[in-house]
Amino acid sequence: MDGQPEELNELMRVRREKLAELRDKGIEPYGARFERTHTTSFILANFEDLENKNAAIAGRIMSKRSMGKASFAHIQDSTGQIQIYARLNDMGSQAYEIFSKLDIGDIIGVTGNIFKTRMGEVTVAVGEFKLLSKCLRPLPEKWHGLKDVELRYRQRYVDLIVNPEVKEVFESRSKIIRSIRSFLDSRDFLEVETPMMHNIAGGAAARPFITYHNTLDMHLFLRIAPELYLKRLVVGGFEKVYEINRNFRNEGVSTKHNPEFTMIELYQAYADYNDMMDLTEELISTVSLEVFGRNRIEYQGTEIDLAPKWTRLPMLDAVKMYSGLDFRSIKTTDEAKNAVKLAKIDLVLETSDTWGTILNKVFEETVEPKLIQPTFIIDYPVEISPLAKRKIENPELTYRFELFIYGREMANAFSELNDPVEQKSRFLKQVEKRTAGDEEAHMMDEDYIDALEYGMPPAGGLGIGIDRLVMLLTDSPSIRDVILFPTMRPRD
RNA sequence: GGGCCAUUAGCUCAGACGGUAGAGCACCUGACUUUUAAUCAGGGUGUCGGUGGUUCGAGUCCACCAUGGCUCACCA
């Protein structure tokens, strides 16, 4: 259907004929610069002052109503829509004839007088108009818009043209990110950019994408997290840094996962995970207030209160509360396995599982979905936290938390492990797991160990999934609703 | 990857029991100089996702494939 004229359907054929007709008449269907004096929404908001004044506006024709020698249309710019009124007497027959043949979807510039119609609608009377871009494909239906989700994602540009609420979501996304930046900038965090192509895919447990550099003749990984580079910067003396950008994980696609997704990671020297909890709840509630003017939000019909302070619940207590299993008295891996069996918790346990991984599995199975209001789950087992500092009181656990809202992991943070010797032995344990077939286990990063050997100040680090935060704040059910161009298989 | 569901005109959708495809919008022709889901008269523009099969006959039944959605698994 693309390209070959003989394959064009009737609607597209007609539009191409109109295009040729315009060119025959010496009219360029793809205009150049057009100087606007007003946006549509500005005119609507300031009609009192603008009545009978001239305006130059530009936008896409979204509807047309022709009544013979006069026509109405609505044109849409990035701020909204306004009605225009074209009258043969005002324009002359040549111009009016061309106007009459314009299609819904065409982009035009209009100059004319601002007035109010008999029906009370603020309207621009077309004095002159200029075709700025001919639209060769029919737009979806004006009343129902574009509903087919597959088309909406594949042709987001069409979705954005006809579904104004979609545009609002992405405007909100931008405001949210801007608000995060201004929050951190005002607290003297420095925004930095670290590599997206890594020799070693570190900083998280995930399968990476692999790419190849021709000249250097080597494979590179798309980053799964910026963590290890940001902490190198902390070693280097940047005491408060953050980065907002894409991570890439070669894993499943779902309503909560896209292979490339946006994370913010930040590190603060001389702080710990308690500071990160304070920062997280302040950050998210401030952003919600700034962008949406409220902290009580509704997500998929559930009211969620983002006002600080949020519950801080040790994982051991959470697991005891929701599963009945008390991992404070369960001391060994064998005891843990037995306890899970006795409690008839529906879990698949592997021989490689240990006390900590079992605790985490029980947590995910029994607790996670219950955490609707913002909750910090604190003190994660060391086995699943290879970059976090051990708790002094209980070395099986770490100073790590994850934030859950609506049963979803929204943030992950810890007091950073800054002991190079211990970090090395943690990496070695990960490498063992990798060798045993765990594709998500961390890789050894000798240079990172070198960096730690120079001394990294104690630091708190935090990562927040931006897409999931935007989902929450915009009440979007799927991550694809907050990513402009979500990953899709090609159509053919 | 498993399960369930969907795929029909540009868009939104309808098509019992298997009989050769329909509506609204959009579009085309005509009428109409303040309409607004404009109105009125006329016009259906289609590889029914694809490939096989069953059948006298398939949009409809069967198998496989593709794409998408939901869900489970995975994602600590």
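Keep in mind it's a predicted model, so treat the numbers as computed, not measured. Sequence lines set the chain letters: A, B, ... in the order given, protein chains first and strands last, and positions in each chain run from 1.
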Expected output: side-chain A/Asp77 to main-chain A/Gly80 donor-acceptor under 3.5 Å: yes
Span that lies between the P atom of B/rC27 and that of B/rC11, in whole angstrom: 15 Å
B/rG59 and B/rU54, which share atom name P, separated by this distance in whole Å: 16 Å
A/Arg207 (side chain) donor-acceptor with A/Glu440 (main chain) under 3.5 angstrom: no
Verdict with supporting geometry, A/Phe404 and A/Phe363, ring-ring contact (aromatic ring centres under 6.0 Å, His included): CA-CA 12 Å; A/Phe404 292 88; A/Phe363 168 76; 5.5 Å; yes
Pair assignment for B/rU67, Watson-Crick or G-U wobble, requiring both distances under 3.5 Å: B/rA6
C1'-based separation of B/rC62 from B/rG18 [nearest Å]: 13 Å
Positions of residues 345-364 of chain A (non-hydrogen atom under 4.0 Å from RNA chain B), listed by number: A/Asn360, A/Glu364
Watson-Crick or G-U wobble mate for B/rU39, both contacts under 3.5 Å: B/rA31
Counter-base of B/rU45, judged by Watson-Crick or G-U geometry with both distances under 3.5 Å: B/rA26
Side chains of A/Gln300 and A/Asp475, donor plus acceptor under 3.5 Å: yes
Anti versus syn assignment for B/rA41, with syn defined as within 90° of 0: anti
B/rU29 to B/rU71 separation - P atoms, rounded to the nearest Å: 47 Å
Salt bridge (Lys or Arg N to Asp or Glu O under 4.0 Å) partner of A/Arg390, chosen from A/Glu416, A/Glu383, A/Glu422: A/Glu422
Separation of atom CD in A/Glu440 from atom C1' in B/rA73, rounded to whole Å: 13 Å
First of A/Gly145 and A/Lys256 reached from the 5' end of RNA chain B, by closest nucleotide: A/Gly145
Distance-only side-chain donor-acceptor flag, A/Thr79 / A/Ser41, under 3.5 Å: yes
Those residues of residues 147-154 of chain A lying under 4.0 Å from RNA chain B by at least one heavy atom: A/Lys147, A/Asp148, A/Val149, A/Glu150, A/Leu151, A/Tyr153, A/Arg154
C1'-based separation of B/rU36 from B/rU47 [nearest Å]: 38 Å
Polar contact flag, side-chain donor to acceptor under 3.5 angstrom, A/Tyr267-A/Glu265: yes
Check: A/Arg65/A/Gln83 side-chain N/O donor and acceptor closer than 3.5 Å: yes
Inter-nucleotide C1' distance (B/rC48, B/rC61), Å rounded: 16 Å
Any-strand Watson-Crick or G-U partner of B/rC74, both distances under 3.5 Å: none
Protein proximity profile, nucleotides 29-36 of chain B - base contact B, sugar-phosphate-only contact S, no contact -, cut-off 4.0 Å on heavy atoms: ---BBBBB
Distance, C1' atom - from B/rU33 to B/rC28, rounded to whole angstrom: 23 Å
Residue pairs involving residues 380-402 of chain A (criterion ring-ring contact (aromatic ring centres under 6.0 Å, His included); sequence neighbours excluded): A/Tyr273-A/Tyr399, A/Phe376-A/Phe401
Between N or O atoms, less than 3.5 Å apart, protein on one side and nucleotides 25-27 of chain B on the other: list the pairs.
residue: B/rA26; atom: OP1; partner: A/Lys142; partner atom: NZ; Å: 2.9

Selection: residues 459-486 of chain A, any non-hydrogen atom under 4.0 Å of RNA chain B: A/Arg480
Under-4.0 Å side-chain N/O to phosphate OP1/OP2 contact, A/Arg489 with B/rG68: yes
Check: A/Lys389/A/Asn418 side-chain N/O donor and acceptor closer than 3.5 Å: yes
Distance-only donor-acceptor check, side chains A/Thr194 and A/Glu243, under 3.5 Å: yes
Pair A/Asp481, A/Tyr153: side-chain N/O donor-acceptor within cut-off below 3.5 Å: yes
NZ/NE/NH1/NH2 to OD/OE distance under 4.0 Å, A/Arg152 and A/Asp159: yes
A/Arg468 versus A/Tyr406, side-chain donor and acceptor atoms under 3.5 Å: no
A/Leu417/A/Thr398 under side chain to side chain contact (heavy atoms under 4.5 Å, CB included): CA gap, chis, key distance, verdict: CA-CA 9 Å; A/Leu417 174 57; A/Thr398 59; over 6 Å; no
Nearest-angstrom distance from the residue atom CD1 of A/Ile224 to C1' of B/rC74: 16 Å
Main-chain N/O of A/Leu325 paired with A/Ser323 side-chain donor or acceptor, under 3.5 Å: yes
Distance between P atoms of B/rU34 and B/rU39 (Å, rounded): 16 Å
Short side-chain to backbone donor-acceptor contact, A/Ser476 and A/Ser478, under 3.5 Å: no
Spacing between A/His144 atom NE2 and B/rA23 atom C1', to the nearest angstrom: 12 Å
Spacing of A/Gln81 atom CD relative to B/rA37 atom C1', expressed in whole Å: 13 Å
Who pairs with B/rU55 - Watson-Crick or G-U, where each distance is under 3.5 Å: none
CZ-CG distance between A/Arg137 and A/Leu11, expressed to the nearest 0.5 angstrom: 11.5 Å
